[in-house]
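So the structure is just underneath, and the comments pick up after that.
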Amino acid sequence: MDKKTALDYRYLRMAGIWAENSYCRRRQVGALIVKDKSIISDGYNGTPAGFENVCEDETGQTKPYVLHAEANAITKIARSGNNSDGATLYVTDEPCIECSKLIIQAGIKRVVYTRSYRLHDGVALLQRAGIIVEHLPEL
């Protein structure tokens with residue numbers, strides 16, 4: 001394994017550890033935004049600030065206002081002095097179409113993920129926008 005791939009896996013493992021902060025029972029997802037070898041933002045899936053930390057309703061379905069890890073990481077940047085132009089997003093799960101729109105608008109140029117999702121329209125949109133997308137399965 002080359003040094004770049006080894007570093008990618010290291011960041012993915014860190015995103016996996018960050019996912020453990022999620023209160024979601026169905027799936028815990030973590031994301032890191034890295035620019036110039038520095039982590040500039042992080043996120044995990046969960047409810048908006050000030051809401052109860054319960055992601056699923058009584059039937060086990062995810063509540064509609066739960067934020068995805070990527071959205072949390074990107075919106076954190078909006079409140080900081082950083083910007084994500086040219087950054088890489090490391091995320092435990094394949095981005096959905098809604099998060100992919102945010103990724104494009106945030107100027108992120110590369111996305112690396114581990115677990116595939118049942119829908120691939122998010123990845124297709126990212127690729128259409130010229131963003132490099134890499135799937136690195138768990139070792």
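- Between Ala19 and Val29, the shortest heavy-atom distance links the atoms CB-C, 3.4 Å.
- For Gln105, the CD atom counts as loosely surrounded, since its 6.0 Å shell holds 12 or fewer non-hydrogen atoms of other residues, nucleotides or ligands.
- Of the inter-residue distances, the one linking Ser41 atom OG with Leu32 atom CG reads 8.5 Å to the nearest 0.5 angstrom.
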May I have the step-by-step check of side-chain hydrogen bond (donor to acceptor under 3.5 Å, both in side chains) for Asp57 and Thr59, ending in yes or no? CA-CA 5 Å; Asp57 63 21; Thr59 68; 2.7 Å; yes
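- Taking each heavy atom of Ser38 and Tyr11 in turn, the nearest pair found is N-OH, 4.5 Å.
- Ring geometry for Tyr44 versus Trp18: interplanar angle over 60°, hence perpendicular rather than tilted (30 to 60°).
- Remark: Asn72 CG to Leu67 CG distance equals 4.5 Å, nearest 0.5 Å.
- Ile77 has its side chain within reach of Ile40: a pair of non-hydrogen atoms, C-beta onward, lies under 4.5 Å apart.
- The backbone N or O of Val112 lies less than 3.5 Å from no partner atom in the side chain of His135, so there is not a single donor-acceptor pair.
- A pairwise comparison of heavy atoms in Ala73 and Gly43 identifies CB-N, 3.9 Å as the closest pair.
- Taking 4.5 Å as the limit, every side-chain heavy atom of Leu89 sits out of range of all side-chain heavy atoms of Tyr113.
- Using a 4.5 Å heavy-atom threshold, the side chains of Asn45 and Cys55 count as separate.
- A single hydrophobic cluster is not seen to contain both Val91 and Met14; linkage of ILVMFWY side chains at heavy-atom distances under 4.5 Å, directly or through other members, places them apart.
- For Ser22 (side chain) and Gln28 (main-chain N/O), no donor-acceptor pair under 3.5 Å exists by modelled atom type.
- Look at Glu70 and Lys101 and you find no salt bridge, because none of the NZ, NE, NH1 or NH2 atoms lies under 4.0 Å from a carboxylate O.
- For the atom pair Asp42 CG and Tyr90 OH, the distance stands at 15.0 Å (nearest 0.5 Å).
- The pair Arg110-Asp8 meets the salt-bridge criterion, since a charged nitrogen lies less than 4.0 angstrom from a carboxylate oxygen.
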For Met1 and Tyr9, what are the C-alpha separation, side-chain angles and deciding distance, and is it a side-chain contact (heavy atoms from CB on, under 4.5 Å)? CA-CA 10 Å; Met1 177 182 316; Tyr9 272 111; 3.9 Å; yes
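- For the atom pair Arg26 CZ and Glu56 CD, the distance stands at 7.0 Å (nearest 0.5 Å).
- Here the side chains of Ile33 and Ile39 are not in contact, with every heavy-atom distance at 4.5 Å or above.
- Smallest separation of non-hydrogen atoms from Ser116 and Arg27: O-NH1, 4.5 Å.
- In this structure, the side chains of Arg10 and Leu7 come closer than 4.5 Å at one or more pairs of heavy atoms.
- Rounding to the nearest 0.5 Å places CD of Glu134 at 10.0 Å from CG of Leu12.
- Cys99 and Ala71 get closest at one heavy-atom pair: SG-N, 4.2 Å.
- Using a 4.5 Å heavy-atom cutoff, the side chains of Glu52 and Tyr23 are not in contact.
- Applying the side chain to side chain contact (heavy atoms under 4.5 Å, CB included) test between Lys35 and each of Asn82, Asn83, Thr88, Ile108 identifies Asn83 as the sole match.
- Panel note: side chain Ser100, backbone Cys96; a donor-acceptor pair is recorded below 3.5 Å.
- Within the 4.5 Å cutoff, side-chain heavy atoms of Tyr65 are placed close to those of Thr47.
- Transitive grouping of hydrophobic side chains (ILVMFWY, heavy atoms separated by less than 4.5 Å) brings Val123 and Leu102 into a common cluster.
- The residues Glu138 and Arg13 are annotated as not salt-bridged, no charged nitrogen and carboxylate oxygen being separated by less than 4.0 angstrom.
- Val111 places none of its side-chain heavy atoms less than 4.5 Å from the side chain of Ile132.
- At least one donor-acceptor pair closer than 3.5 Å links the side chain of Ser84 to the backbone N or O of Ala106.
- Looking at Glu94 and Arg115, no side-chain N of the basic residue comes within less than 4.0 Å of a carboxylate O on the acidic one, giving no salt bridge.
- Atom CZ of residue Arg25 and atom OG1 of residue Thr62 lie 9.5 Å apart, to the nearest 0.5 angstrom.
- Judged by distance alone, with hydrogens and angles left aside, the side-chain atoms of Thr92 form a donor-acceptor pair with the main-chain N or O of Gly30 at under 3.5 Å.
- Scanning all heavy atoms of the two residues, the minimum distance from Asp121 to Ile97 falls at O-CD1, 3.6 Å.
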